[in-house]
Amino acid sequence: MTQSTFHNLDDLFRMLLDIYGPRSWWPAETPFEVCVGAILTQNTNWGNVEKAIANLKREGVLTPEGLRVITEGHLAALIRPSGYFNVKSRRLKSFIRHLFQQYDGCLDSMFFRSWRELREELLGISGIGRETADSILLYAGHQPTFVVDAYTKRLISRLGLIGENAGYEEVRALFMENLPLDTTLYNEYHALIVQHGKERCRKKPLCEGCPLASRCRWSYGTRTQENGSIQAVCASCKFVPFMV
């Protein structure tokens, strides 16, 4: 851990918390619903996942046993709003099959295992990638592993804390090696980054009035105007935020 990295990450968390307040995320009623939602949210937005979850609840199959006995085709039809429904139906079935084969369908038994070993185990299930595995561990299992998504990588790279081409594990390590292993902190931090990503730090960022603009070393450059004056400009969206 470096003190500068720790203070940068700690300051960023406090700034985001002051701006947006506690997020109390993930939006689900049970740990099992979190697991299902983490798989369904791949390559789609949460609004579509909510529709799929509602269908599963209406059919009374949003339980390990319910998803075990339902046919793959019927499951695909119910989760159609989430997109890639045939693929996601197979992925849900793979997860459920593993849950029953290894833990007799009991999430508590699964989460009783060492979370580091469980992470590797989850990554071995067809269709479970790093972000999905970490989401399941953090939000359903309450284990201290940091979730990295597109919002996380975009913000951290724009703030100059990590390279633009950094991979998932490098970004994850930045947080886990420079902050305490704290489930509550990781939960809140990731949720705040997602909120900021939705409101400000988009692919085409809304830099004007952004409370983090003064720290966004990546995005600002300069250009010379026709009259010879120098003007600061956001490199990603071409918004002219201030005069130099």
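If you read the sequence from its start, that first residue is 1, and numbering goes on from there.
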Between CG on residue Leu122 and CG on residue Asp134, distance to nearest 0.5 Å: 9.0 Å
Under 3.5 Å: donor-acceptor pair, side chain of Thr44, backbone of Thr41: no
Arg200 side chain reached by Leu212 side chain, heavy atoms, under 4.5 Å: no
Full working for side-chain contact (heavy atoms from CB on, under 4.5 Å) between Asp11 and Arg215: CA-CA 11 Å; Asp11 287 348; Arg215 298 191 173 215; 3.6 Å; yes
Minimal non-hydrogen separation, Ile96 against Pro64, with atom names: CG2-O, 3.8 Å
Shortest non-hydrogen separation from Asn86 to Ala76 and the atoms involved: OD1-CB, 3.6 Å
Atom of Glu188, atom of Gly21 and distance for their closest heavy-atom approach: OE2-O, 4.3 Å
Among Arg91, Glu131, Lys88, the one residue meeting side-chain hydrogen bond (donor to acceptor under 3.5 Å, both in side chains) with Gln42: Arg91
Distance under 6.0 Å and angle within 45° of ring axis: Arg172 vs Phe146: no
Hydrophobic cluster membership, Val87 vs Leu78, 4.5 Å side-chain cutoff: no
Residue pair Glu164, Lys153: steps toward the side-chain contact (heavy atoms from CB on, under 4.5 Å) verdict: CA-CA 8 Å; Glu164 220 179 323; Lys153 185 176 177 181; over 6 Å; no
Note, Asn178 side chain near Asp10 side chain (heavy atom, < 4.5 Å): no
Test item: Val49 and Asn45 side chains (from C-beta on) under 4.5 Å apart, heavy atoms: no
Note: Glu169-Arg119 ion pair, threshold 4.0 Å (strictly below): yes
Any donor-acceptor N/O pair, Ser94 side chain to Arg90 backbone, under 3.5 Å: yes
Where at least one partner belongs to residues 59-68, residue pairs that pass side-chain hydrogen bond (donor to acceptor under 3.5 Å, both in side chains), sequence neighbours excluded: Glu65-Arg68
Parallel, tilted or perpendicular: rings of Trp25 and Tyr139 (30°, 60°): perpendicular
Leu107 and Phe112, any side-chain heavy atoms less than 4.5 Å apart: no
Under-4.0 Å salt bridge between Arg14 and Asp18: no
CA sep, side-chain torsions, deciding dist, call: Thr183, Thr145, side-chain contact (heavy atoms from CB on, under 4.5 Å): CA-CA 7 Å; Thr183 301; Thr145 183; over 6 Å; no
Side-chain donor or acceptor of Tyr168 paired with backbone N/O of Val148 under 3.5 Å: yes
Cluster check Val194, Leu17: I/L/V/M/F/W/Y, side chain < 4.5 angstrom: yes
Trace of the side-chain contact (heavy atoms from CB on, under 4.5 Å) decision for Cys201 with Arg158: CA-CA 9 Å; Cys201 204; Arg158 285 176 175 174; 3.3 Å; yes
Heavy-atom neighbours of Phe100 CZ exceed 12 at 6.0 Å: yes
Tyr189 side chain reached by Leu9 side chain, heavy atoms, under 4.5 Å: yes
Glu199 side chain near Leu206 side chain, heavy-atom distance below 4.5 Å: no
Spacing of Leu62 atom CG and Cys35 atom SG [to the nearest 0.5 Å]: 10.5 Å
Test of ring centre spacing under 6.0 Å for Tyr186 and Phe175: no
Criterion side chain to side chain donor-acceptor pair (under 3.5 Å) on His142 and Asn187, from CA distance to verdict: CA-CA 9 Å; His142 306 293; Asn187 184 315; 5.7 Å; no
Where Ile19 and Pro211 come nearest, the two heavy atoms and their spacing: CD1-CG, 3.2 Å
From Arg23 atom CZ to His196 atom NE2, the distance as rounded to the nearest 0.5 Å: 13.0 Å
Interatomic distance, Ile156 atom CD1 to Thr152 atom OG1 [nearest 0.5 angstrom]: 7.0 Å
CD1 on Ile53 to CG on Asn48, rounded to 0.5 Å: 12.0 Å
Same apolar cluster (I L V M F W Y, side chains within < 4.5 Å links), Leu118/Leu181: yes
hydrophobic_cluster_shared for Val171 and Met176, side chain cutoff 4.5 Å: yes
Salt bridge flag under 4.0 Å for residues Glu33 and Lys57: yes
Over all atoms of both residues, closest heavy-atom pair of Ala38 and Ser135: CB-CB, 4.1 Å
All pairs passing ring pair (Phe, Tyr, Trp, His ring centres under 6.0 Å) where residues 33-57 contributes a residue, at least two apart: Trp26-Trp46
Same cluster (ILVMFWY, side-chain, under 4.5 Å), Tyr103 and Val69: no
Leu75 vs Glu72 side-chain heavy atoms within contact, under 4.5 Å: no
CG-CG distance between Asp104 and Leu99, expressed to the nearest 0.5 angstrom: 9.0 Å
Heavy-atom closest contact (Arg202 atom, Lys198 atom, distance): NE-O, 2.9 Å
